[in-house]
Amino acid sequence: MENEAPEALEKRVKERREGLPELPNAKKGEVVLRFAPNPNGPLTLGHSRGVIINSEYANIYSGKIILRFDDTDTKIKRPDLKAYDWIQDDFKWLAGRKPDTVIEASARMDEYLRFAEKFISEGHMYVCTCSGEDFKQFRIDKQDCPCRNNDSTENVEKWIKMNDSDGGYSEGEAVVRVCTNMEHKNPALRDWPALRIQTTPHPKVGEKYRVWPLLDFQSAVEDYLQGVTHIIRGKDLMDSTRKQQLLYEMTGWTYPETLYWGRVKVHEFGGFSTSQMKNDIEEGKYSDWDDPRLPTAKAMRRRGISADAMKRFWVELSLTEKDISIPLATLQSHNAKVIDKDSPRLSFIQEPVKLTLTKEDVKIPEILEIPRHPLHEEFGFRKWQLEVEKEFEVYIEKDDYEFAMSNNGLLRLKDFADVQIYSSQNGKITSLTKSDGRAIIHWLAAGMEHPFALNKPDKNGEWGVVNGLLENNDYPLGQILQLERIGFARLESSEMIWTHS
RNA sequence: GCUCGCGUGGUGUAGUCCGGCCCAUCAUGGCGGGUUUUCAUCCCGUUUACCCGGGUUCGAAUCCCGGCGCGAGCACCA
């Protein structure tokens with residue numbers, strides 16, 4: 001058998017793959033990856049995929065992950081000074097660590113301009129002074145623009161004029177193009193633009209530079225300079241890869257291995273446009289970037305989604321080029337598994353109804369001890385001081401009260417006692433032990449509560465405040481709680497933010 | 001218009017390169033049940049899929065051809 005068909009033995013056995021697929025041509029310890037957002041806002045849910053997938057691969061291959069701020073547009077997607085910090089913060093939360101290197105493209109301008117000048121003098125790029133509209137036509141017609149045939153000396157002169165704020169070209173009058181091929185079958189690759197003039201000051205470096213690289217050029221040069229081995233990007237940038245490969249071919253550089261993912265939408269949010277969110281916040285539709293209704297990393301964190309759940313979520317979606325639309329429930333399901341085991345239980349009474357109960361012959365304890373977590377007694381106990389002398393008052397939810405009224409008034413107060421309730425909002429404690437299969441509800445003893453609010457979405461997804469009574473506690477702000485029979489929520493100073501059930 | 005990519009259940013995903021081990025994996029959701037003094041966690045059961053049409057082949061989710069659908073690029077945005 002081995003002698004007759006050796007190739008049959010070499011064929012890989014079909015196995016179920018788990019986690020991320022292998023990176024092509026990756027050597028442990030030598031992988032360099034990068035995540036390159038535009039700092040025009042904090043990270044969105046979409047960006048979180050980039051942080052997680054790239055940093056996961058860096059972990060798997062003991063490689064490096066670079067965080068690069070692609071901030072070379074001063075006009076359309078202006079960098080937001082605050083975003084540089086936000087993104088580093090979001091990155092650290094998602095990846096569980098800081099990036100190995102942080103680069104700001106705007107701080108690397110000298111390098112980009114140096115390479116631009118080199119490529120122009122070598123004839124790989126040229127200065128084009130045609131209008132955008134004219135060039136568009138040349139591209140459609142597969143015709144060279146008049147500037148294409150200028151010799152490199154002339155191009156260097158024009159390059160100097162581009163950089164000259166005094167008497168040179170002004171914004172829109174000249175761009176630098178990569179000399180590819182005007183008959184390339186893919187129109188997107190025909191002499192693509194590499195640098196242009198921008199006179200809007202940059203928030204970081206002001207008016208120090210006049211000619212700025214476009215993404216394709218900046219990214220191509222920086223990836224080379226940093227020794228990036230693998231690029232993982234959206235498939236909308238496939239043509240970007242091809243443009244950059246053409247430049248790499250001219251310069252003799254080796255292009256990184258490139259992988260892509262498709263577009264992701266979340267049912268509840270649709271897409272994740274940073275500029276759209278920015279507008280909406282400015283118009284007052286949302287309070288800020290961490291408004292729980294927004295698909296930002298900040299908002300997810302505020303809603304009590306754990307970084308671990310985000311990681312599981314993105315790793316499960318893996319690296320496919322398919323455009324997908326996924327319900328938030330998938331992320332929430334991962335999250336529930338992660339947070340359930342260490343979320344302390346607490347009672348929260350929505351729309352409370354106060355009941356006065358008689359104790360009859362039942363002897364109630366002065367202190368009721370309820371575990372903070374049903375599966376982890378080592379977390380300790382909640383200790384409720386009960387009123388043994390005077391009237392005994394409790395709060396239950398209006399819905400539970402109404403349910404009891406239409407079902408003979410029998411209820412069990414969880415972890416405490418069986419009660420019989422009357423429509424007068426009075427009742428009696430009938431026994432401490434559970435005597436039958438009656439419904440068990442959560443409740444609060446009077447004196448153990450304080451008014452508090454829960455900010456949560458209704459059935460239609462509209463967020464609103466539910467007022468109620470929260471069990472007294474000393475958990476720190478940011479603690480994720482499980483409100484018994486309701487769901488998870490994260491504690492803030494003036495309210496709780498709903499996580500999910 | 002030109003160019004590129006993708007099409008497996010309600011939603012994702014494995015398998016597609018190298019055809020048989022796939023009457024198609026795992027998860028999530030739905031439904032039903034169990035455990036639980038929470039409608040949480042956990043456990044069990046159940047449900048539904050290879051875009052369409054040809055071809056090659058003993059055999060096709062997988063290879064070939066042709067459709068159709070969806071998405072993206074063709075920006076002096078990233």
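Within every chain, numbering begins at 1; the chains are lettered A, B, ... in the order of the sequence lines, protein sequences first and strands thereafter. Heavy atoms only: backbone and side chains are in, while hydrogens, waters and symmetry mates are out.
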- prompt: With no hydrogens and no angle check, do the side chains of A:Tyr112 and A:Glu222 hold a donor and an acceptor under 3.5 Å apart?
  reply: yes
field: A:Glu22 CD to B:C17 C1', straight-line distance once rounded to whole Å
entry: 14 Å
task: May I have the distance from A:Arg49 (atom CZ) to B:G12 (atom P), rounded to whole angstrom?
output: 12 Å
statement: What residues 65-74 of chain A contributes to the RNA chain B interface at heavy-atom separation below 4.0 Å is A:Asp70, A:Thr72, A:Asp73
- prompt: Starting at the 5' end of RNA chain B and moving along, which residue's nearest nucleotide shows up first, A:Leu195 or A:Thr433?
  reply: A:Thr433
- prompt: For A:Trp192 and B:C2, what is the distance between atoms CH2 and P respectively, to the nearest whole Å?
  reply: 25 Å
Spacing of A:Arg233 atom CZ relative to B:A72 atom P, expressed in whole Å: 18 Å
query: Does A:Lys322 get its side chain close enough to the base of B:C6, under 3.5 Å, for a donor-acceptor pair?
result: no
query: Between B:G5 atom P and A:Leu259 atom CG, what is the distance in whole Å?
result: 15 Å
Report each atom pair, protein N/O against N/O of nucleotides 40-44 of chain B, whose distance is under 3.5 angstrom.
{"unit_1": "B:A40", "atom_1": "O2'", "unit_2": "A:Asp340", "atom_2": "OD1", "d": "2.9"}
{"unit_1": "B:A40", "atom_1": "O2'", "unit_2": "A:Gln482", "atom_2": "NE2", "d": "3.0"}
{"unit_1": "B:A40", "atom_1": "N3", "unit_2": "A:Arg345", "atom_2": "NH2", "d": "2.8"}
{"unit_1": "B:U41", "atom_1": "O4'", "unit_2": "A:Asp340", "atom_2": "OD1", "d": "3.3"}
{"unit_1": "B:U41", "atom_1": "O4'", "unit_2": "A:Asp340", "atom_2": "OD2", "d": "3.1"}

message: If I take atom NZ in residue A:Lys243 and atom C1' in nucleotide B:C77, what distance separates them, rounded to the nearest angstrom?
response: 11 Å
- prompt: Under 4.0 angstrom, heavy atoms only, what part of the nucleic acid is A:Cys130 near: base, sugar-phosphate, or nothing?
  reply: base
task: On RNA chain B, check which nucleotide each of A:Glu316 and A:Ala417 is closest to and give me the residue with the more 5' one.
output: A:Glu316
Nucleotide B:A72, atom P - distance to CZ of A:Arg263 in whole Å: 6 Å
field: Interatomic distance, A:Lys235 NZ vs B:U3 P [rounded to whole Å]
entry: 18 Å
message: Please tell me if A:Thr330 has a side-chain N or O lying less than 4.0 Å from either OP1 or OP2 of B:A27.
response: no
message: Is the ring pair A:Phe91/A:Phe35 parallel, tilted or perpendicular, if the boundaries are 30 and 60 degrees?
response: tilted
message: Using a strict threshold of under 4.0 Å (side-chain N to carboxylate O), is an ion pair present between A:Arg68 and A:Asp70?
response: yes
field: Salt bridge A:Asp71-A:Arg78, side-chain N to carboxylate O under 4.0 Å
entry: no
- prompt: Is there a donor-acceptor pair closer than 3.5 Å between any side-chain N or O of A:Thr258 and the backbone N or O of A:Ile231?
  reply: no
Nucleotide-level pairing of RNA chain B, given in dot-bracket where Watson-Crick and G-U pairs need both distances under 3.5 Å and | marks other strands: (((((((..(((.......[.....)))((((((.......))))))...(((((..]....))))))))))))....
